[in-house]
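A quick write-up on the structure given underneath.
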Amino acid sequence: MAVSGWRAKAIKRSALAVAGLAFGTAAHADWVIAAGSMSDMAGGAVTLGCTDLYVAGTLVVGAGGSLTSVRSVFIEPGGSLQLDGGRLELAQQWVNQGSLSTGGGQVLRVDSATCPAAGPLGPVGADGAVAVPTLGEAALAWLAGLLGWLGLRSRRRTPSSR
């Protein structure tokens with residue numbers, strides 16, 4: 001059975017399209033600030049599309065500036081990240097072996113559909129520590145009283161063994 005010329009071309013294009021979908025990979029490009037270099041974003045905004053940020057030189061994010069959709073941040077020894085009123089939103093790892101200057105800016109771990117979070121959400125400290133909420137003295141006293149009352153109540157309800 002002979003296949004006409006236009007049908008053969010259509011079959012060939014379809015086969016190539018299927019092969020491209022089956023074996024194609026998405027592009028991936030991290031942002032690297034090389035040692036000895038400096039990048040000043042001023043108040044600009046950069047979205048990394050769930051890729052990594054490597055800082056071995058100096059990166060300055062000025063007031064109103066933002067780095068968003070960052071998967072992981074690696075500040076290398078000798079690297080410096082300066083958030084002079086800027087904001088950095090990452091989803092996963094935070095490794096700081098260099099220096100971080102927040103200067104009114106902040107680092108936040110956030111979750112999104114395109115870049116899922118790994119770790120607790122919220123503010124991230126310079127060393128990767130996450131702020132833990134605490135209770136005041138009155139709340140702790142109230143909680144201790146409640147737990148004591150629950151303990152006494154449960155002792156009264158248990159049958160005594162003989």
Side-chain angles (χ1 to χ4, degrees), residues 18 20-158:
V18 169
L21 289 173
F23 298 108
T25 58
H28 177 86
D30 296 328
W31 191 13
V32 178
I33 308 299
S37 67
M38 179 178 179
S39 181
D40 189 346
M41 292 177 46
V46 174
T47 300
L48 291 186
C50 202
T51 59
D52 297 334
L53 172 65
Y54 292 89
V55 181
T58 301
L59 175 60
V60 179
V61 184
S66 65
L67 276 166
T68 58
S69 293
V70 181
R71 182 177 50 208
S72 298
V73 175
F74 302 94
I75 304 174
E76 306 291 334
S80 173
L81 176 58
Q82 300 171 12
L83 300 175
D84 296 335
R87 177 182 177 113
L88 185 144
E89 294 180 0
L90 75 142
Q92 298 180 10
Q93 288 186 313
W94 171 262
V95 179
N96 181 6
Q97 297 175 332
S99 69
L100 170 70
S101 169
T102 55
Q106 66 182 133
V107 178
L108 293 172
R109 182 171 285 121
V110 297
D111 190 24
S112 71
T114 57
C115 200
L121 303 178
V124 177
D127 58 354
V130 176
V132 176
T134 60
L135 296 175
E137 289 181 28
L140 285 174
W142 180 84
L143 183 60
L146 176 66
L147 290 174
W149 177 76
L150 289 172
L152 288 173
R153 186 172 170 213
S154 67
R155 283 185 85 188
R156 290 184 197 154
R157 289 188 176 189
T158 57

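Model, not experiment: these values are computed from the prediction.
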Any non-hydrogen side-chain atom of Leu59 less than 4.5 Å from a side-chain atom of Ile75?
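They are not in contact (no side-chain heavy atoms under 4.5 Å apart), so the answer is no.
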Can you confirm whether Gln92 sits close enough to Leu90 that some side-chain heavy atom of one is under 4.5 Å from a side-chain heavy atom of the other?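 The answer is no; the side chains never approach within 4.5 Å.
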ask   = Pairs in or reaching into residues 89-103: which pass salt bridge (Lys or Arg N to Asp or Glu O under 4.0 Å), with residues at least two apart or in two chains?
value =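 Counting only pairs at least two positions apart or across chains, the salt bridge (Lys or Arg N to Asp or Glu O under 4.0 Å) contacts touching residues 89-103 are Arg87-Glu89.
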Quiz prompt | salt bridge (Lys or Arg N to Asp or Glu O under 4.0 Å) contacts in which one or both residues fall within residues 34-45, not counting sequence neighbours | solution =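 Passing the test, one end in residues 34-45: no pairs.
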Within this structure, what is the CG-CG distance for the pair Leu88 and Leu48, rounded to the nearest 0.5 Å?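 It comes to 8.5 Å.
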From Asp52 atom CG to Arg71 atom CZ, the distance as rounded to the nearest 0.5 Å: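 Asp52 CG to Arg71 CZ: 4.0 Å, rounded to 0.5 Å.
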Practice problem: Only pairs at least two apart or in different chains count here, so list each side chain to side chain donor-acceptor pair (under 3.5 Å) that has a residue in residues 59-68. | Solution: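 Side chain to side chain donor-acceptor pair (under 3.5 Å) check on residues 59-68 returns Thr47-Thr68.
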Exercise for review: Could you note down all residue pairs passing ring-ring contact (aromatic ring centres under 6.0 Å, His included) where residues 52-74 supplies at least one of them, sequence neighbours left out?
Suggested key: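 Sorted pair list: Tyr54-Phe74.
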Please give me the minimum heavy-atom distance between [X] and [Y], naming the atom from each residue.
X: Leu53; Y: Leu67; answer: CD2-CD1, 3.9 Å
X: Arg109; Y: Ala117; answer: CG-CB, 4.5 Å
X: Leu100; Y: Val107; answer: CD2-CG2, 4.4 Å
X: Ile33; Y: Ser37; answer: CG2-OG, 3.6 Å

| What pairs with Leu146 under side-chain contact (heavy atoms from CB on, under 4.5 Å), at least two apart in sequence or on another chain? |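 Applying side-chain contact (heavy atoms from CB on, under 4.5 Å) to Leu146 gives Trp142, Trp149, Leu150.
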| request: List in chain and number order the residues that pass side-chain contact (heavy atoms from CB on, under 4.5 Å) with Thr58, two or more places apart in sequence or in another chain; answer none if no residue qualifies. | output: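 With sequence neighbours excluded, Thr58 shows a side-chain contact (heavy atoms from CB on, under 4.5 Å) to Met38, Val60, Ser80, Gln82, given in chain and number order.
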Tell me if a side-chain donor or acceptor on Ser69 pairs with a main-chain N or O of Gly49 at a distance below 3.5 Å.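 Absent.
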Exercise for review: Kindly state each residue pair satisfying disulfide bond (SG atoms under 2.5 Å apart) with at least one member in residues 77-110, sequence neighbours excluded.
Suggested key: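 Matches after skipping sequence neighbours: none remain.
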Any pair counted as disulfide bond (SG atoms under 2.5 Å apart), so long as it reaches residues 82-121, sequence neighbours left out: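 Non-adjacent pairs meeting disulfide bond (SG atoms under 2.5 Å apart): Cys50-Cys115.
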Practice prompt. Please identify each residue that fulfils side chain to side chain donor-acceptor pair (under 3.5 Å) with Glu76, with sequence neighbours left out.
Written response: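 If we apply the side chain to side chain donor-acceptor pair (under 3.5 Å) test to Glu76, skipping adjacent residues, there are no hits.
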